[in-house]
Structures are given as C-alpha cells and as structure tokens.
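Below: one structure, written as structure tokens.
Within every chain, numbering begins at 1; the chains are lettered A, B, ... in the order of the sequence lines, protein sequences first and strands thereafter. All values reported here derive from a predicted model rather than from experimental measurement.
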Amino acid sequence: MTRASHPKTPLITAICNAIRRIPRGRVSTYGAIAKAAGYPRCARHVGRALRQVSGLPWQRVLGSGGRISLRGESAMEQRFLLEAEGVRFKGRRVDMKAFEYRFATPGGKPAKKLPRKSALTRK
DNA sequence: AAGATGACGCCCG
DNA sequence: CCGGGCGCCATCT
C-alpha cells in the first residue's frame with residue numbers, strides 16, 4: 001500500500017465533501033469545487049481527489065466552460081452518464097446556464113481566500 | 001532536496 | 001474555435 005489510502009488531507013476531504021453536494025442532474029467545475037471547498041487555487045487537486053476517492057459522482061465534474069476534461073473513452077462515458085441523468089450538452093459542452101450547480105455560500109459570505117500560499121503544508 | 005507530474009484555468013495570437 | 005504558454009500546489013520519483 002505504498003500509494004493507497006492516504007492522503008486524507010483536509011484538502012481532499014473538503015473537496016470530496018463539496019463534490020458530494022452536487023445533486024443528480026447538475027454539474028460543477030474543478031475550479032468552482034475547489035473554491036467552494038475553500039481552496040480557490042486548487043482546481044488540480046479536485047482531479048486528484050476524484051482519482052483517489054471512490055464513490056464520488058465524478059461525472060458531474062467538468063472543466064471550465066462545461067467541457068469534459070477527460071480523454072478517450074472515459075470522456076464518452078462521462079457524457080453518457082450525464083445525459084442519462086438529464087444533463088444536456090450544447091456541442092461539446094454542457095449547457096452550464098441551465099445545469100451548473102451553485103454551491104451555497106454560508107451567510108452570503110464568499111469563501112475565505114487562501115493566503116495565496118498553501119495553508120496546509122504551511123506550518 | 002530538486003525536478004517532474006497532474007481528471008485545471010486563463011490569457012494571447 | 002484551436003493551440004501554445006504560463007501559473008497554481010501538493011505529491012511523487
């Protein structure tokens with residue numbers, strides 16, 4: 001298990017949590033999820049979380065603009081799964097206007113911004 | 001310890 | 001619309 005289970009860093013946990021909040025028939029983006037989780041600049045880590053943690057609604061996570069970021073057959077599968085739950089596409093991208101899920105912001109207050117440098121390894 | 005990597009994002013031509 | 005380039009950040013080699 002050198003690579004296994006691991007990284008349960010707060011970052012991954014928060015991100016998974018956010019992903020789980022996306023309702024069926026709706027989608028979100030890597031960037032938006034990272035932000036909603038409280039880690040604005042960590043879009044890349046959303047992908048990492050999806051890869052490590054199983055049981056997440058991974059098909060609801062898209063790249064900016066509502067485009068599928070995966071390649072090959074995984075991309076086809078993602079599109080298939082999304083359409084199966086009612087999400088519709090406009091060309092190669094999802095009609096975000098109609099299907100993007102907006103994360104609830106606590107008390108109308110936007111997520112706090114990360115100091116710009118990671119708050120994890122930091123101290 | 002240093003460099004490379006990645007289910008990303010944004011700006012530019 | 002598409003490709004190329006640069007920035008982000010925790011992990012991995």
Side-chain angles (χ1 to χ4, degrees):
Chain A
M1 252 180 100
T2 48
R3 69 178 57 222
S5 357
H6 0 139
K8 295 224 160 190
T9 78
L11 173 58
I12 298 296
T13 302
I15 287 175
C16 289
N17 217 16
I19 293 173
R20 277 186 262 264
R21 295 205 290 278
I22 306 172
R24 185 172 180 286
R26 291 270 155 117
V27 300
S28 189
T29 65
Y30 295 90
I33 289 168
K35 185 176 179 186
Y39 298 87
R41 297 304 179 204
C42 302
R44 290 190 116 138
H45 297 274
V46 173
R48 191 181 301 280
L50 286 170
R51 194 177 171 184
Q52 294 170 30
V53 183
S54 55
L56 296 173
W58 62 273
Q59 71 272 30
R60 298 176 194 152
V61 185
L62 301 165
S64 71
R67 288 185 200 161
I68 287 180
S69 194
L70 287 173
R71 317 250 192 167
E73 307 195 25
S74 307
M76 310 262 293
E77 186 183 352
Q78 180 169 23
R79 178 161 182 156
F80 179 79
L81 290 172
L82 285 176
E83 294 189 313
E85 50 182 75
V87 176
R88 281 181 275 170
F89 287 69
K90 295 272 188 193
R92 312 160 145 98
R93 46 164 103 181
V94 165
D95 180 359
M96 297 306 269
K97 199 130 164 158
F99 301 99
E100 176 169 32
Y101 172 66
R102 302 255 186 161
F103 289 92
T105 52
K109 284 170 184 152
K112 12 173 101 177
K113 302 166 186 182
L114 229 41
R116 249 181 75 285
K117 216 43 171 194
S118 152
L120 295 177
T121 52
R122 177 165 192 227
K123 189 211 316 13

Separation of [Y] [atom2] from [X] [atom1] (nearest 0.5 Å):
| X | Y | atom1 | atom2 | value |
| --- | --- | --- | --- | --- |
| A:H45 | A:T9 | NE2 | OG1 | 8.5 Å |
| A:R67 | A:R92 | CZ | CZ | 7.0 Å |
| A:Y101 | A:R21 | OH | CZ | 6.5 Å |

Review point. Think A:R79 forms a cation-pi with A:F89, using NZ or CZ under 6.0 Å from the six-ring centre and within 45 degrees of its axis?
Key: yes

Review point. Is a donor on one side and an acceptor on the other found under 3.5 Å between the side chain of A:Q59 and the backbone of A:Q78?
Key: no

Study note, to complete from the structure: Per-nucleotide protein contact along nucleotides 6-13 of chain B, 5' to 3', at a 4.0 Å heavy-atom cut-off (B base, S sugar-phosphate only, - neither), is BBBSS---

Check your understanding: Rounded to whole angstrom units, what separation is found between the CD atom of A:Q52 and the C1' atom of C:dC9?
Key -> 14 Å

Revision key, fill the gap. With the side chain defined as heavy atoms from C-beta on, A:R41 is closest, among C:dC9, C:dC1, C:dT11, to C:dC9

